[in-house]
Amino acid sequence: MKKLFLLIFLLSTFSISVNSSFGQAKKSRTTIWDSLTTYSSDYYELQVPFEWRHLPPGSELEHYFEASGLAYPIELNGSPIILVLFVMKVDKSYASLEQAKDNWLAGYHDNPDRVFPEGFTDGAEKFNLPSGQDAYFLNTRFYRKSKELNQSRFDLLMYSEKANAYYCYGVTVQYADYADNGYEFETNMRLPLFAKVIFKHFKLL
């Protein structure tokens, strides 16, 4: 009998812990923008929630942020939910923002590690930056064979006249979604809207 009570206690504790995690994640998505940290360069300024981790960006990136567990639950279906943001200068010349958008969308499919869902079309829509410039909000989704995780990716592609260069501000969310279409998490958690909120805290100088 004591073992039975112990088992019930452990199960109830686990249930409370999981529900608390999801509740906290939902709450954090509405409050994380109350305390922000600003990062600036000569050409742009962005703000991210104070708790999000600013990590060494590496050679190709100018900023790299990791926010796993700080906006969504720490895991889904026994695998981690990985939230990453990055800012990079695009080392290419384009005749127009329209051409840059077309090339960027085509580039999504160059990586053989990505398996794209049948019937899905990458998204592209105009996005107005808080500083007034036009940009493109791009989105795609694919399965990463090497990581065995689904990935929803959102990119803000823009041109800086001051820098005479293109920039990409990217948001990627990786998760193990075992639904029939594999991307219910993106829909249920409204990831496109979440990415747009992030992008609304970026401006060109």
Going through the distances and angles, do Tyr136 and Met158 end up as a side chain to side chain contact (heavy atoms under 4.5 Å, CB included)? CA-CA 7 Å; Tyr136 264 109; Met158 69 211 91; over 6 Å; no
Decide yes or no on ring-ring contact (aromatic ring centres under 6.0 Å, His included) for Tyr169 and Phe127, but give the supporting numbers first. CA-CA 13 Å; Tyr169 187 13; Phe127 188 92; over 10 Å; no
Checking salt bridge (charged side-chain N to carboxylate O under 4.0 Å, His left out) for the pair Asp113/Lys145: CA distance, chi angles, key distance, verdict? CA-CA 6 Å; Asp113 189 48; Lys145 292 184 288 185; 5.4 Å; no
Is there a side chain to side chain contact (heavy atoms under 4.5 Å, CB included) between Phe185 and Leu76? Walk through the geometry before answering. CA-CA 9 Å; Phe185 182 79; Leu76 177 68; 3.7 Å; yes
If you apply the rule side chain to side chain contact (heavy atoms under 4.5 Å, CB included), what do you find for Ser96 with Tyr94, and how did you get there? CA-CA 5 Å; Ser96 64; Tyr94 298 108; over 6 Å; no
Between Phe86 and His63, does a ring-ring contact (aromatic ring centres under 6.0 Å, His included) hold up when you go through it step by step? CA-CA 5 Å; Phe86 62 88; His63 290 283; over 10 Å; no
Please assess Leu129 against Leu204 for the test side chain to side chain contact (heavy atoms under 4.5 Å, CB included), listing each intermediate value before the final yes or no. CA-CA 8 Å; Leu129 295 173; Leu204 291 172; 3.8 Å; yes
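If you take CG on Leu205 and OG on Ser160, they are separated by 8.0 Å, rounding to the nearest 0.5 Å. With rounding to the nearest 0.5 Å, the separation of CD in Gln47 from CG in Leu36 is 5.0 Å. For the atom pair CZ (Arg141) and CG (Asn150), the distance works out to 9.5 Å, reported to the nearest 0.5 Å. Rounding to the nearest 0.5 Å places CD1 of Ile32 at 8.5 Å from CG of Leu70. Distance check, rounded to the nearest 0.5 Å: CG of Leu149 to OG1 of Thr172 gives 10.5 Å. Atom CG of Asn128 and atom CG of Asp134 lie 6.0 Å apart (nearest 0.5 Å).
A salt bridge links Asp155 with Arg153: the distance from a Lys NZ or Arg NE/NH1/NH2 to an Asp or Glu carboxylate oxygen falls below 4.0 Å. A salt bridge does not link Lys101 with Glu125: every distance from a Lys NZ or Arg NE/NH1/NH2 to an Asp or Glu carboxylate oxygen is 4.0 Å or more.
Counting heavy atoms from C-beta outward, Tyr143 and Asp177 have side chains that stay 4.5 Å or more apart. Using a 4.5 Å heavy-atom cutoff, the side chains of Cys168 and Trp104 are in contact. Within the 4.5 Å cutoff, the side chain of His201 has no heavy atoms near those of the Leu46 side chain.
Note: the hydrophobic cluster containing Leu157 does not contain Leu85 (ILVMFWY, side chain heavy atoms under 4.5 Å, direct or indirect links). Leu97 and Leu156 end up in different hydrophobic clusters when Ile, Leu, Val, Met, Phe, Trp and Tyr side chains are linked at under 4.5 Å. Linking ILVMFWY side-chain heavy atoms closer than 4.5 Å, directly or via other members, places Val171 and Val197 in a single hydrophobic cluster. No continuous path of ILVMFWY side-chain contacts below 4.5 Å connects Phe202 to Leu61, so the two sit in separate hydrophobic clusters. Residues Val84 and Phe137 are members of separate hydrophobic clusters, defined by side-chain heavy-atom contacts under 4.5 angstrom among Ile, Leu, Val, Met, Phe, Trp and Tyr.
Shown here is Glu51, whose CD atom has no more than 12 heavy atoms of other residues, nucleotides or ligands within 6.0 Å. For CZ of Arg53, the number of neighbouring non-hydrogen atoms (other residues, nucleotides, ligands) closer than 6.0 Å is greater than 12. Remark: Lys200 NZ is packed, more than 12 non-hydrogen atoms of other residues, nucleotides or ligands lying under 6.0 Å away.
When each of Phe142, Phe116, Phe120 is paired with His109, the ring-ring contact (aromatic ring centres under 6.0 Å, His included) condition holds for Phe116 and for no other.
Across every non-hydrogen atom of Val48 and Trp33, the tightest pair is CA-CZ3, 4.2 Å. The two residues Met88 and Glu60 come nearest to each other via the heavy atoms CB-O, 3.7 Å. Closest heavy-atom contact between Leu105 and Gly123: CD2-O, 3.9 Å.
Note: Tyr159 and Tyr166 meet the aromatic proximity criterion, with ring centroids under 6.0 Å apart. Between His54 and Tyr64, the ring center distance fails the sub-6.0 Å criterion. Residues Phe194 and Tyr72 bring their aromatic ring centres within 6.0 Å.
For Gln151 and Tyr175, the side-chain atoms include no donor-acceptor pair closer than 3.5 Å. Judged by distance alone, the side chains of Gln133 and Ser131 do bring a donor and an acceptor atom under 3.5 Å apart. A side-chain donor-acceptor contact under 3.5 Å links Tyr44 and Glu62.
Side chain of Glu98 to backbone of Ala100: no donor-acceptor contact under 3.5 angstrom is found. Remark: side-chain polar atoms of Ser152 are not paired, donor with acceptor, to backbone N or O of Val173 under 3.5 angstrom.
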